[in-house]
Structure formats: structure tokens, C-alpha cells
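Have a look at the structure below before the remarks.
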Protein chains: 2
Amino acid sequence: MQSEADFLASYDPRAFPAVAVTVDVVALTIRDGRLCVLLVERGAQPFAGRLALPGGFVRDESPDAAALRELGEETALARVHLEQLKTYGDPGRDPRMRVFSVAYLAFAPSLPDPRAGSDAAAASWIPVEQATDLAFDHDTILADGLDRARAKLEYTPLATAFTGPEFTIAELRAVYAAVWGEDLHAGNFHRKVLSVPGFVESTGETTARGGERGGPRAKLYRAGDARLLHPALLRPAREEGIR
Amino acid sequence: MQSEADFLASYDPRAFPAVAVTVDVVALTIRDGRLCVLLVERGAQPFAGRLALPGGFVRDESPDAAALRELGEETALARVHLEQLKTYGDPGRDPRMRVFSVAYLAFAPSLPDPRAGSDAAAASWIPVEQATDLAFDHDTILADGLDRARAKLEYTPLATAFTGPEFTIAELRAVYAAVWGEDLHAGNFHRKVLSVPGFVESTGETTARGGERGGPRAKLYRAGDARLLHPALLRPAREEGIR
DNA sequence: TTAATAGTGTCTTTCAGACAATATTAT
DNA sequence: ATAATATTGTCTGAAAGACACTATTAA
């Protein structure tokens, strides 16, 4: 967008082929120990009746603001973490016209059912393994979002974005287990989390009672001030690396 | 982009406010041990005479293809690594109209001076610390690209994208030193690189002669098949983490 | 010969992961 | 009492980083 030809062309914006820019949000939360994604059912063609990521056109606002707005239309957000994921703009990804979608990734604590927005027919939290056959290229976007989320748990304290403001180490471990899809050793996880500077800080309180089926009352923590985890909480298994 | 209202609106693409989508490329290489970025001098308003990242409008092609094309117009590319960085779309980032820019990050081996493209007035490799006061929001894009590049050296074998097809461990170390801006311990780096499975593989050859000021001939390696480094080549210092 | 560099060896500290042990609490 | 769970302890092996050492080569 810096050549002279481009500049001249820009004198008449209508001279450009029509393109639209939207945002789509991969909003993740954990319900009943399962990783869930917020999906809406499309009411109109194309892909009518199919599930899709919530999203919409970017108005006279930043893409970040658009994503936040779209998310707010579907959920009573509050404390959500929101970050840009990737932009999808292959020709033909929307049969109607050229549409570029700036995808976002959101992490939210367990929330009540989303309010049926005025816009979307129906919005609901769906376990990610059941979120298939989505509209447009949203399967790909969701997969990329999950990859990113799984990677970010390793080296950032974002797991705390899935919990309430105060949480136990076991709750934090449940977040990792849900996102990574594998159980973690309770003892090692506990020691590891407490050893990373700034990951969590103690509130001095404990839970009011022990677990459902017994056990001592657990200490409560809140998120610390670290932005990166050092050392990182590495994901297990993986074996000989993903070549 | 899934509501009925949106769908109806899409019947007349011209009903949308005019927006444009461009790509901008943060192309990095190493010359004389210094990390350099490819910049072009703008010939037209706005920001005439200022340096900018190479880029241009996305045509009837994927954003990836557009970035590759723009890069090819400035350099004799070959073996470049190209990945999407982030999308910038704040209102007002281009004074002419609403422009969303999908930024890309490219790593290239040391190249001859870029050919003066038909498009851009002049393109040249500039040491990153001198790349300031760029046009538009390109300072921000460059900074984000550098952050990404520095992080990716840690856990991916992308440093090899900066070298020729065959390289010595010392050359690889020079890449890390240039990108991270700090020297690395030669002995430990050497052992570390060879210990990571799939990072490099030996060619069985050595350099024709030793270093400029003496020293043995070094063994030559080529890039291995690893996509991720396990364990990672962690960046030194950082101290108490970036809180 | 001298200086620079490639590559290897050794030691200490840190950390991950396996496993065990203890304490606390719901049922 | 029993079972489940929180938390801490111990041990082993991997890996990072500091440092030293040897071998090779250009000047």
C-alpha cells in the first residue's frame, strides 16, 4: 500500500473490488471438566442450520473492539482474556463475496448458558470434540485456536483465565487436564505450580469444605503477576517431539 | 457474518463502506552479523520519502500468496520461510481509507541487495536498530515481528532459515547471537544443538579452510527434520521472567 | 610461533517425573 | 472406619550453564 499506483487508486475507494472484514471468535471455557467452545446456529444461508463460531462485521472500530463486542453479544463476559489468533482470507472461503476474517481466541471462566442474543439464533457451549462440521472454514479456525490454547498453557499463566478469581491448585490442574486432554500427576503439578515465580499467590484462605468425597480443605490462590512462566509447565508425553 | 441481516446486506456488496486489505512483510535476514529488515522508501503521499515495510494489496489470491508475491517483487527469494504474523486494522492507521493489513514474517538467508523493483522506489536491508520512524504503524508491526522471531528461535529450528543449505555450528550460533542480540557460549551451544534430535544433521563434510584468523576446519551440517526443538534452546538472561 | 577457533570433558545446580508418605475430611 | 484428596518428601535422570582442556589452522 505504498506504491504510487496504489495511492492514485485509493483516491476512489469504490474502484476496489468489494471485500468485507469480519471477526470470528473461538471462545473457550470449561464446563464439567470438559473443554467447550461457544457456537451459534446459523439461521440463514449459506450454511443455514449449521453451527458456526460467533462473529460479525468489523464496524468503525478496531478488530479487537469488534471481537469484544461480538463476544459480549453472546455472553455476559466479564473477565475474559482475548487475543488475536490469525486471519483467514482465502478466496472462496465465503461463497457470497470476498471476506477476510480476523479470528480471535478467548478464554473465559465457566459461565452460565449464553443469553440468546438478538442476533444469533441460538448460542451454546459445545464440547470441542463434538464441534465438527462447522460452517465456512470454522473447523480450521477452531483447530488453530485449540492448538494455540494448548501451547499457551505451557508458557503463560492463562490457565487462570479459565478459573474464578480464587481457585485451588486442583482446580487449576483440572484446567490443564481439560485443555490438554490428559491427567497430570497431582503431587508434581502442585509443587511445580508453586515453584514458578508469579504464577499464583496465596490468599491465606482455604475452601469452606473438602472435596465431594472427602479430603482436606484446599488452600486458595489467586493469579500472580507473571506474564510468562519460568520455567514453563511443559506438556507431557509428546515423546520424540513433533517432527 | 452469520446473521440474517448480514446475509441480506451481502446481496449488495457495494453497500459496505469501502475497505481494503493489504499485506505487509517483515522480512529479516542477517548481513555482516547484524539482523536486518527489508524496507522500501515510499515515493508517494502519505509518508512520502519515509521507509516502510514492503507490501501491497491482496488481489484474487490468498493472503499467503500475496505476501509471497510482494516479497518476490523485492528480492530473489528462494528458500524463504514465511508465516502470518498478525493483522492490523485500527481505524485511522491509514489516513486515506480503512485498510486492514495482514502482516507476515519472513526469514531469509543472507541475500544480495534487493533488486530495485518496478514497484518500490528503493528497497534495501536495514539493520533493525536503525529501522525507526517507519510509515504508518510499521514500527509496531516490526516490533511485533522481532518479538515473534526471537521467540521462535527458542523452540523451532527456524534459525536454519537464515543460513545457506549447509552451515557450521558457528554460523548457526551467529544467527542466534544476531537475532537475540547477545553472545552465546560457544561450547555449550555446540553441544546443545547436537543434542536436540532432528535439529541438524551432519553432511560429513567440513569447510574448505578454517576461520579468518585461524582455527580448525568446522564440520558442515544441514537442517534436520524436526519441526519443534525438544528440549528448547532457551534464551539466556531474562532473569526473573518478564512479569 | 601465536592467536583464534572447533569441539569435547567435567562439574554443579536446577528441574521433571516417578513414587511414597502424611494429614485432613466427607461419608 | 474408609476412602478420597491435599500437600510434602525423596529419589533418579535429564538438562543448563560455568569452566577447563585439547586439537587444528591462518597468519
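Here is how names work: the chains are called A, B, and so on, in the same order as the sequence lines, proteins then strands, and each is numbered from 1.
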Sidechain-backbone polar pair: A/His138 side chain, A/Leu53 backbone, donor-acceptor under 3.5 Å | yes
Could you state the CG-P distance from B/Leu234 to C/dT13, rounded to the nearest angstrom?
-> 20 Å
Review item, nucleotides 1-4 of chain C N/O atoms under 3.5 Å of protein N/O:
residue : atom : partner  : partner atom : Å
C/dA4   : O4'  : B/Arg213 : O            : 3.3
C/dA4   : N3   : B/Gly215 : N            : 3.4

Please state how far atom CZ in A/Arg209 lies from atom P in D/dA6, giving the value in whole angstrom units.
-> 13 Å
Once you round it to whole Å, what is the distance between P of D/dA6 and NE2 of A/His190?
-> 8 Å
Report the residues that fulfil side chain to side chain donor-acceptor pair (under 3.5 Å) with B/Tyr104, sequence neighbours left out, ordered by chain and then residue number.
-> B/Asp64
By side chain to side chain donor-acceptor pair (under 3.5 Å), B/Arg50 pairs with (sequence neighbours left out) none
Roughly, in whole Å, what's the span from CG in B/Leu220 to C1' in C/dA6?
-> 12 Å
For A/Glu129, salt bridge (Lys or Arg N to Asp or Glu O under 4.0 Å) partners two or more places apart = A/Arg34
Here the gap from B/Leu234 atom CG to B/Leu229 atom CG, rounded to the nearest 0.5 Å, amounts to 10.0 Å
List, with names and distances, any nitrogen or oxygen atoms from the protein found under 3.5 Å away from nitrogen or oxygen atoms belonging to nucleotides 10-14 of chain D.
residue : atom : partner  : partner atom : Å
D/dT10  : O4   : A/Arg191 : NH2          : 3.3

Kindly state which residues belonging to residues 162-181 of chain A come within less than 4.0 angstrom of DNA chain D, counting heavy atoms of the residue only, listed by number.
-> A/Ala170, A/Arg173
Closest to the 5' end of DNA chain C, once A/Gly210 and A/Gly187 are matched to their nearest nucleotides, is A/Gly187
Among all residues two or more places apart in sequence or in another chain, which pass the side chain to side chain donor-acceptor pair (under 3.5 Å) test with A/Thr160?
-> none
How would you label the contact of B/Ala232 with the nucleic acid (heavy atoms, under 4.0 Å): base, sugar-phosphate, or nothing?
-> sugar-phosphate
Side chain to side chain contact (heavy atoms under 4.5 Å, CB included) filter on B/Pro165, not counting sequence neighbours, yields B/Arg79
Whole-Å distance separating the CD atom of B/Glu205 from the C1' atom of C/dA6 | 17 Å
Can you tell me which residue pairs pass the salt bridge (charged side-chain N to carboxylate O under 4.0 Å, His left out) test with a partner in residues 139-151 of chain A, sequence neighbours excluded?
-> A/Glu83-A/Arg148
A/Lys219 side-chain N/O to D/dT8 phosphate OP1/OP2 under 4.0 Å = yes
Would you kindly give the NE2-to-P distance between A/His185 and D/dA6, to the nearest whole Å?
-> 13 Å
Tell me, please, which residues at least two apart from B/Ala177 pass side chain to side chain contact (heavy atoms under 4.5 Å, CB included).
-> B/Asp183
Which pairs pass ring pair (Phe, Tyr, Trp, His ring centres under 6.0 Å) with one or both residues in residues 180-201 of chain B, sequence neighbours excluded?
-> B/Tyr176-B/Trp180, B/Tyr176-B/Phe189
For atom CZ of A/Arg217 and atom P of C/dT24, their distance in whole Å | 11 Å
Quick note, side chain to side chain donor-acceptor pair (under 3.5 Å) partners involving residues 197-211 of chain B, not counting sequence neighbours, are B/Glu201-B/Arg222
Between D/dA26 (P) and B/Glu212 (CD): distance, integer Å | 11 Å
